[in-house]
Amino acid sequence: MLTFLLSANISAQAADFEDIPAKFSFHIELDYLIERDIINGYPDGTFKPNALMAKKHIASMLVKALDLPTDNVKNPNYKDVPTSHPYYKEIAAAYTAGIFGDGTYFKPESHISRAFMAKILSEAFNLKSIADNAKTYKDVPKNHEFYRVIQLVSMNNIAQGNEIEDHKGYSTYTYNFNPNQLLTRAHFSAFLA
């Protein structure tokens, strides 16, 4: 049914995929998720770490990671996710758990940004504020729509920004979160792990 996943009885690790280099920075995170059958590779032996992550796959991974029930779920009534959709149960389970909200469309083939990832993970894992770990991001002002959830994933050490150097006669460093950057399979996997 899904070309997204290898057969469940195939044991794999990140090193087993031909497109994951030996010194890949997310080996530990990928191995963790692969061992738990939360994500796998493709039948051709690749993982496609740089491919953008689709929302339907994110729903599937969250359902597995959180062990959400897929029976007796609320129908989210998304026009583009009928009950016959291959990912209906996973999307409906994530909706029932409050991870995805109401809307006319779900857009299961669409991709998500780092900011939306922060929203999803803060909802899914009920992240709490840790004031001592607050971070200031040059590209996420306090009036940013996703400011609070970006702070939550930063405070909980799930996602950090990139250090950038300001050149004004001396070296000072600030951080960007890159809230609009779309997530790849490798990046979402790292954040989820």
Side-chain angles (χ1 to χ4, degrees), residues 1-17 19-20 24-78 80-103 106-128 149 152-153 156-159 182-193:
M1 173 172 119
L2 307 173
T3 58
F4 175 69
L5 300 173
L6 287 172
S7 171
N9 60 4
I10 296 176
S11 178
Q13 289 188 314
D16 295 337
F17 298 110
D19 57 348
I20 301 285
F24 192 67
S25 58
F26 300 129
H27 263 285
I28 293 170
E29 293 87 349
L30 292 180
D31 286 344
Y32 176 81
L33 296 178
I34 291 166
E35 287 171 10
R36 284 154 185 79
D37 198 31
I38 294 170
I39 192 169
N40 286 301
Y42 290 86
D44 67 358
T46 62
F47 184 82
K48 300 181 183 175
N50 298 319
L52 294 178
M53 192 71 165
K55 279 179 72 179
K56 64 185 182 184
H57 295 147
I58 290 168
S60 176
M61 289 177 69
L62 288 169
V63 165
K64 291 175 183 179
L66 296 168
D67 199 26
L68 297 176
T70 56
D71 295 328
N72 300 316
V73 293
K74 293 182 211 167
N75 186 335
N77 293 310
Y78 298 128
D80 54 353
V81 185
T83 56
S84 60
H85 190 281
Y87 286 87
Y88 170 79
K89 285 186 174 188
E90 292 85 352
I91 292 167
Y95 171 82
T96 301
I99 298 169
F100 295 115
D102 293 327
F106 181 74
K107 301 178 184 174
E109 301 297 332
S110 68
H111 311 291
I112 69 165
S113 66
R114 286 172 53 92
F116 195 69
M117 170 276 303
K119 180 181 184 315
I120 289 171
L121 294 183
S122 66
E123 294 287 335
F125 294 96
N126 195 25
L127 299 179
K128 304 293 183 212
V149 292
L152 288 174
V153 295
N156 286 275
N157 296 315
I158 293 169
L182 296 179
L183 288 181
T184 64
R185 285 171 45 87
H187 284 127
F188 184 76
S189 296
F191 295 138
L192 181 59

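Index from 1, following the sequence. Since this is a predicted model, take the numbers as computed values, not measurements.
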- Message: Is it the case that the side chain of Lys48 and the backbone of Arg185 share a donor-acceptor pair, with hydrogens and angles ignored and the cut-off at 3.5 Å?
- Response: no
- Query: Nearest heavy-atom pair of Leu68 and Ala94: which atoms, and what distance?
  - Reply: CD1-CA, 4.2 Å
- Message: Less than 4.5 Å apart, side chain to side chain, heavy atoms only: is that true for Phe47 and Ser189?
- Response: yes
- Taking the side chain as every heavy atom from C-beta outward, state whether Leu183 and Ile58 have any pair of such atoms under 4.5 Å apart. no
- Task: Looking only at non-hydrogen atoms, find the nearest pair between Asp71 and Lys89 and report the distance.
- Result: OD1-NZ, 4.0 Å
- Taking the side chain as every heavy atom from C-beta outward, state whether Ile99 and Leu66 have any atom pair closer than 4.5 Å. yes
- Thr46 (side chain) donor-acceptor with Tyr42 (main chain) under 3.5 angstrom: no
- Note on the structure: Closest non-hydrogen contact found for Ser113 with Leu182 is N-CD2, 4.0 Å
- Message: Measuring only between side-chain heavy atoms, which start at C-beta, is Val81 closer than 4.5 Å to Pro76?
- Response: no
- Query: Heavy atoms, side chains only, cut-off 4.5 Å: are Phe188 and His57 in contact?
  - Reply: no
- Nearest 0.5 Å please: distance from the NZ atom of Lys107 over to the CD1 atom of Ile112. 13.5 Å
- If we only count heavy atoms from C-beta on, is the Tyr88 to Asn75 side-chain gap below 4.5 Å? yes
- Query: What is the ring orientation for Phe24 with His27, classed by angle as parallel under 30°, tilted 30 to 60°, or perpendicular over 60°?
  - Reply: perpendicular
- Message: I'd like to know if the side chain of Tyr95 pairs up with that of Asp102 as donor and acceptor (distance under 3.5 Å, no hydrogens or angles considered).
- Response: yes
- Task: Calculate, to the nearest 0.5 Å, the distance between atoms OG and NZ belonging to Ser60 and Lys55 respectively.
- Result: 14.5 Å
- Got a donor-acceptor contact below 3.5 angstrom from the Asn50 side chain to the Thr184 backbone? no
- Got Met53 and Met61 here, is their nearest side-chain heavy-atom distance under 4.5 Å? yes
- Message: Which heavy atom of Ala59 sits nearest to which heavy atom of Ile91, and what is that distance?
- Response: CB-CG1, 3.9 Å
- Note on the structure: CD1 of Ile158 to CG of Leu192, rounded to nearest 0.5 Å, is 9.0 Å
- Could you grab the distance from atom CG of Asp31 to atom CD1 of Ile20, nearest 0.5 Å is fine? 9.5 Å
- Verify, without hydrogens or angle tests, whether Thr96 (side chain) and Lys74 (backbone) share a donor-acceptor contact under 3.5 angstrom. yes
- Query: For Phe191, does the CZ atom have more than 12 heavy-atom neighbours from other residues, nucleotides or ligands under 6.0 Å away?
  - Reply: yes
- Item | Side chain to side chain, Ile120 and Phe100, heavy atoms closer than 4.5 Å | yes
- Closest approach of Glu90 to Val63 (non-hydrogen atoms, all atoms of both residues): O-CG2, 3.4 Å
- Query: Atom CG of Leu30 and atom CZ of Phe17: how far apart are they, to the nearest 0.5 Å?
  - Reply: 8.5 Å
- Item | Closest approach of Val149 to Ser122 (non-hydrogen atoms, all atoms of both residues) | CG1-OG, 3.2 Å
